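Everything quoted here is computed from the prediction, not taken from an experiment. Here is the naming used below: chain letters follow the sequence lines, and residue numbers restart at 1 for every chain.
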Amino acid sequence: MYKLTLILKYLRRKLGPMFAALAVMLCTAMVIIVISVMGGFLDLLQTSAKQLTGDVSVIARSLTGFAYYEELADQIEALPEVTAVSPVIGTFGMINLDGQTIGVNIMGIEPTDFSKIVRYENTLMWSAEDIYDRYGIEPNGSNAPTPGVDLHAQAMTLKPAAIDMPGVVIGVEVNPYHYRDEQGQYDFSNSAVQHEAALTVLPLTERGAPAEIGPSYLKAAVLNEFKSGLYDIDKSQVFVRFDVLQKLLGMDRRESKVFDPETGKELPGVSVRPARASEIVVKGAEGYTLDQVKTAVQETVTRFAEAHPNVVPPAVRTWEQRHAQFINAVKNEKGMVTFLFIIISIVAVVMVATTFYMTVLEKTRDIGVLRAVGASQAGIMGLFLGYGLAVGVVGSFLGLALAVSVVWHLNEIQYWLANHLGVSAHYAWCAGGGALIGAVVGGAIGYPKRKTLRFALMAALVLSILGLIGAWIILDQIDDLAYKLNHTISFKMWDPQTYFFDRIPDKVKFYDALFIGLGAILSSVIGALIPAIFAARLDPVEALRYE
Amino acid sequence: MNERASTTLVAPHAQTPDPKPLITVTDLHKHYHIGGQELHVLRGVDATIWNGQWVAVLGSSGSGKSTLLHLIGGLDRPDQGSVSFDGRDIFNLPGAAIDRYRNRHVGFVFQSYHLLPELTALENVLIGAMIRSSILGWSARRGEAKRRAVELLDRVGLGDRLNHRPSKLSGGERQRVAIARALVNQPDVLLADEPTGNLDEKTGQQIMALIAELHQQGQTIVMVTHDQQIAAAADRRLWLHDGELTESLAS
Ligand SMILES: Nc1ncnc2c1ncn2[C@@H]1O[C@H](COP(=O)(O)OP(=O)(O)OP(=O)(O)O)[C@@H](O)[C@H]1O
Ligand SMILES: [Mg+2]
């Protein structure tokens with residue numbers, strides 16, 4: 001019982017181990033913050049990557065695609081492991097927007113089905129309401145989207161409501177006029193919505209050679225822009241309707257008359273060239289692992305290949321396989337963070353060990369007293385281990401609280417550092433400078449009287465207030481001083497113009513925090529272990545004599 | 001000290017009328033090595049302490065009085081010889097039994113009080129009782145232990161200083177707290193090492209009066225001192241000289 005009593009007393013009365021708790025707190029907070037932000041990024045990357053491809057894809061091995069995809073899609077959709085499928089055509093091409101041409105990946109999709117499997121709908125950037133209220137655009141102004149037109153609905157059909165022209169949705173960075181402001185936001189006034197775009201693609205024969213007809217062109221209206229969160233995708237991808245692209249590439253079903261090769265006479269019947277697609281994206285059903293889904297799809301594809309010996313069987317890939325670089329990056333980063341965590345834990349252990357060693361030395365006589373009153377060696381050891389545990393618990397809870405409040409407000413903190421640091425620093429300098437001058441002058445006047453210190457403090461206080469007032473007057477008088485100050489003295493830990501995500505991830509994962517908190521507590525106990533053993537092994541008589 | 005001093009403050013069996021040997025010290029040896037030199041502090045000490053007796057141990061500075069007291073209290077270990085309590089050698093007890101011996105059967109009072117600075121007077125007195133029980137046992141015993149601690153502090157004249165910390169108490173008051181602490185588990189023997197050594201004469205006399213009163217109530221006491229005047233009040237005086245203990249005949 002005495003252990004608990006003493007630990008509680010020491011926690012309230014002893015400063016030294018509180019520094020250890022502070023160290024534990026900072027270590028805990030640091031690791032949680034790093035893990036939350038870094039893990040947040042990697043998660044963002046990973047989810048973005050996953051949501052861009054669907055769980056499993058069946059991919060043609062060639063740009064020419066594979067035939068009988070409808071049949072295969074139906075078979076895959078019938079699998080219990082699968083909830084949805086959607087065929088896709090992908091090709092390379094060019095887009096000309098307002099006179100600028102760039103190379104892009106053109107994806108032919110059926111938006112409604114596609115959106116059930118792959119994040120499409122949520123990546124769309126603009127809706128009419130958004131634009132009106134976020135950018136204060138006049139509904140009838142020159143940049144206004146056609147009044148009454150639902151940009152979102154249009155993008156979901158990829159058909160413009162008013163014009164007889166196919167629609168296209170482009171990645172936000174495909175538009176050469178877009179740039180991000182200091183907050184990482186895009187401005188609608190630079191968007192290509194409602195503009196006309198020209199797409200160029202190169203149809204291929206079934207054998208993969210360029211078709212005789214040469215490149216095909218398509219005029220399309222830009223219906224919306226999307227932002228997936230992966231720069232590479234947003235810079236190079238555009239969406240058109242599946243059937244439009246299929247036709248444009250000559251991958252649709254064609255019937256032709258049959259001629260006798262010798263006589264050149266028309267024969268009865270028609271020759272049919274089946275339609276082709278280049279990919280089927282698949283969404284797995286709930287309750288199945290990715291591997292189970294993949295295996296089921298793979299088996300279906302194998303059966304399909306047996307039924308169609310002429311078709312080169314498409315490959316089956318999971319999203320993890322398609323984004324192996326990201327996944328590996330995530331794994332590497334996790335390793336790094338674990339390493340960091342280990343180092344920091346060792347730091348915490350050493351911190352706790354040194355302060356506890358000092359505490360044991362300081363408390364040597366008390367340890368002797370406790371032994372004299374009947375405490376056993378094990379009891380003394382338990383006392384210090386328990387103390388370590390308590391310090392760890394206090395430190396890790398404080399650290400957790402600190403980390404959570406920092407991470408949750410990271411964007412605000414970053415915003416403040418980037419935008420108000422200059423003026424704040426100016427105020428701090430004026431006040432601090434005033435205080436310093438005041439202290440020196442006040443001290444000099446008061447010296448060598450006994451009240452020197454009070455004199456200096458008073459003068460410092462007065463001059464620092466004067467400094468603040470002065471600073472305020474200066475800022476008030478000179479118009480752009482505040483702006484310039486903030487511009488030159490700012491700390492951008494996060495520049496949304498260089499990073500593609502416009503917010504710093506600000507979520508703390510429960511299990512990460514729990515694990516790190518427990519780690520910190522364990523570190524404290526380990527740190528207390530050697531001092532505790534040392535304390536337990538003190539000779540009580542020596543301890544009592546200790547000065 | 002005062003009338004309501006209850007006789008339960010000392011161990012009940014210490015009041016039995018016919019004395020029996022409580023502690024037997026046999027052929028106790030202790031040396032220290034300092035810088036290659038060997039210092040033979042105790043060279044075969046024999047003594048018997050009877051129940052209810054007040055024994056004063058006298059000797060010049062450095063003669064080994066404190067060492068002997070620590071050995072009797074089981075705080076130190078001898079190089080040779082034994083200390084028997086209730087017929088059993090305390091140095092041959094299993095496990096942590098020697099800690100239990102110090103906790104329940106012995107009460108130490110030191111020259112420089114040795115109170116725990118973070119604890120209040122009351123908590124300092126309670127510490128021995130806390131060591132005695134586990135966390136779970138404490139909730140059951142707490143009330144009684146606290147009552148007894150308050151009673152003891154009252155008894156030594158500090159009933160109104162329960163929540164004062166040692167730094168707020170005078171030397172004499174600290175020593176009273178230390179005596180109350182030593183008595184909290186109703187020990188069989190009180191081991192006092194120059195309890196008045198750090199106090200002025202008047203305060204020292206007050207402490208001695210308190211000890212004399214405890215003795216009257218039947219408390220067995222072993223007190224180390226080098227002051228013959230103080231020792232005069234004891235039942236027996238033992239002289240420690242050249243590492244050996246001799247009974248003083250002059251009374
Ligand atoms: N740990 C130790 N190492 C070396 N010598 C020691 C140790 N402890 C005690 N001594 C020596 O043993 C001798 C006896 O010490 P002890 O404290 O028992 O004397 P004492 O009779 O209590 O003296 P005083 O009246 O001054 O308190 C002293 O000479 C002391 O220097
Ligand atoms: Mg001594």
(request) Verify whether the ring centers belonging to A:Phe384 and A:Phe534 lie closer than 6.0 Å. (result) no
(request) Please check if the distance between the ring centroids of B:Phe110 and B:Phe108 is under 6.0 Å. (result) yes
(message) If we define contacts as heavy-atom pairs under 4.5 Å, which of B:Leu115, B:Leu119, B:Thr67 has the most with chain A?
(response) B:Leu119
Quick check on [X] against chain B: is it the side chain, the backbone, both or neither that has a heavy atom closer than 4.5 Å?
{"X": "A:Leu370", "answer": "both"}
{"X": "A:Lys363", "answer": "side chain"}
{"X": "A:Gln377", "answer": "backbone"}
{"X": "A:Arg365", "answer": "side chain"}

(request) Heavy atoms only, distances under 4.5 angstrom: which of A:Thr5, A:Asp539, A:Leu4 has the most pairs with chain B? Name it, please. (result) A:Thr5
(request) Examine the side chains of B:His29 and B:Asp79 and answer whether a donor and an acceptor come within less than 3.5 Å of each other. (result) no
(message) Could you tell me if B:Asn198 and B:Gln111 have a donor-acceptor pair between their side chains, going purely by distance under 3.5 Å?
(response) yes
(message) Quick check: closest heavy atoms across B:Asn124 and B:Leu116, and the distance to 0.1 Å?
(response) OD1-N, 2.8 Å
Examine whether an atom of [X] lies under 4.5 Å from a heavy atom of chain A, and if so say whether it belongs to the side chain, the backbone or both; otherwise answer neither.
{"X": "B:Arg165", "answer": "side chain"}
{"X": "B:His70", "answer": "side chain"}
{"X": "B:Arg142", "answer": "neither"}

(message) Within the supplied structure, the quantity of interest is the number of heavy atoms (other residues, nucleotides, ligands) at a distance under 6.0 Å from A:Ile530 CD1; does it exceed 12?
(response) no
(message) For B:Arg141, is there any backbone N or O sitting under 3.5 Å from a side-chain donor or acceptor partner on B:Glu144?
(response) no
